[in-house]
Amino acid sequence: MALRWKNTLKDHHVTDEKLFLNRRQIMGGAVAGLGLGTIGGDLQAAPEGLEPNPYEDITQYNNYYEFGTGKDDPSRYANALTTEPWSVTIGGMVDRPGDYGFEDIMKAMTIEDRLYRFRCVEAWSMVIPWNGFELADLLDMAGVQSSAKYVAFETAYRPDEMPGVKYPVLEWPYVEGLRLDEAVHPLTIMATGIYGKDIPKQNGAPLRLVVPWKYGFKSIKSVVRITLTDTQPPTSWNKANAGEYGFYANVNPQVDHPRWSQASERPVGGGLFSRRQPTLMLNGYEEDVADLYAGMDLVRNF
Ligand code: MTE
């Protein structure tokens, strides 16, 4: 089954890593910390003018509750996670179920650079230069059957390595899900790197989902299981509080969280001159993904 939903990927999402690495060198240290925008015309390479956050913001301000609920807990404790060897068990409605070794996956995939906005449901945001491959390509490896309608994901559960799973903040393991058409959309990737380096453990090594038009909690880390199914899979935050976190979790400035507004967001690392910025419909990817939700009530399906 050919999974490509529609080849709508716009060039502006694809980044040239070298430009960003150059930019980082030039923007290093205190200047980057202040989030000062452009210095000189040749730094305008970011598509749509997006400025990637410095590596330090992306890797030291995290949510990965298996390692604690503090923003700096993952960067302090995730080092304990064993990521080699790693395999992803792909099963359910697929022609070739089995354990797919991470190295074998990497050999078969094309790694691309994608500069994406990242918007957490808590109303902070970043811009992240990911490296990764399209989830559709991984699903093609396993051969999705025509009966499949959803994709379920599961994070590793390692009580010996994950100090946070002692606490019943969420039901473990962390689980997430997408509709199949969302999963095979060309913007949906499995990230394996950031700024051209292997993805750090606190960001979900060795591979994590990234769905840039949805709130960050959909982007499940350190994936060990992917299951194709015909029923909507349970998701961790929805199980914890169904009134506050829906299955879809599309970024939408018009649909507030019951306890706070989603109309604006705080860019992380903005420093002294940081100010809130308006949140964009579908996190700025409306042109690419609005068709997926044609005719749907986005207030009810939050
Ligand atoms: N995946 C797992 N397994 N555990 C988590 O706690 N947190 C989610 C998501 N994926 C989380 C997870 C949330 S709430 C967010 S905002 C993003 O990861 C944060 O990703 P980052 O730390 O790489 O920015």
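One-based numbering, in listed order, for ligands and for the atoms of each.
Residue Lys218 places no heavy atom under 4.0 Å from ligand 1.
Within the 4.5 Å cutoff, side-chain heavy atoms of Gln202 are placed close to those of Thr59.
Residue-to-ligand polar distances keep Trp237 apart from ligand 1: every N/O pair is separated by 3.5 Å or more.
Residue contact check: Asn62 has heavy atoms under 4.0 Å from atoms 21 (P), 22 (O), 23 (O) of ligand 1. Near Glu66, the atoms of ligand 1 lying under 4.0 angstrom from a non-hydrogen atom of the residue are 2 (C), 3 (N), 4 (N), 5 (C), 6 (O). The distance from ligand 1 to the heavy atoms of Thr155 drops below 4.0 Å at these ligand atoms: 3 (N). Heavy-atom proximity to Ser219, at under 4.0 Å, picks out these atoms of ligand 1: 9 (C), 10 (N), 18 (O).
A pairwise comparison of heavy atoms in Phe153 and Ile226 identifies CD2-CG1, 3.9 Å as the closest pair. Between Lys218 and Leu209, the shortest heavy-atom contact is O-CD2, 3.4 Å. In terms of heavy atoms, Arg114 sits closest to Leu187 at NH1-CA, 4.0 Å.
One side chain, Glu265 or Thr279, offers a donor N or O that lies under 3.5 Å from an acceptor on the other. Using modelled atom types and a 3.5 Å distance limit, the side chains of Asp95 and Gln145 yield a donor-acceptor pair. Side chains of Lys71 and Asn62: no donor on one and acceptor on the other come within 3.5 Å.
Protein heavy atom at the shortest distance from atom 7 (N) of ligand 1 is Asn63 O, 3.3 Å. Scanning all protein heavy atoms for the shortest distance to atom 22 (O) of ligand 1 gives Lys221 NZ, 2.7 Å. Looking from atom 5 (C) of ligand 1 to the surrounding protein, the closest heavy atom is Tyr174 CE1, 3.4 Å. What sits closest to atom 6 (O) of ligand 1 on the protein, heavy atoms only, is Tyr65 N, 2.7 Å. What sits closest to atom 16 (S) of ligand 1 on the protein, heavy atoms only, is Cys120 SG, 3.4 Å. Here the protein heavy atom with the shortest distance to atom 20 (O) of ligand 1 is Arg208 NH2, 3.1 Å. The nearest protein atom to atom 24 (O) of ligand 1, hydrogens excluded, is given as Phe118 CE2, 3.8 Å; this is a heavy-atom distance.
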**Message:** Does Tyr215 form a ring-ring contact (aromatic ring centres under 6.0 Å, His included) with Trp237? I'd like the steps, not just the answer.
**Reply:** CA-CA 11 Å; Tyr215 291 120; Trp237 281 98; over 10 Å; no
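Checked against Asp99 for a side chain to side chain contact (heavy atoms under 4.5 Å, CB included), the options Ile90, Thr89, Val224 give a single hit: Thr89.
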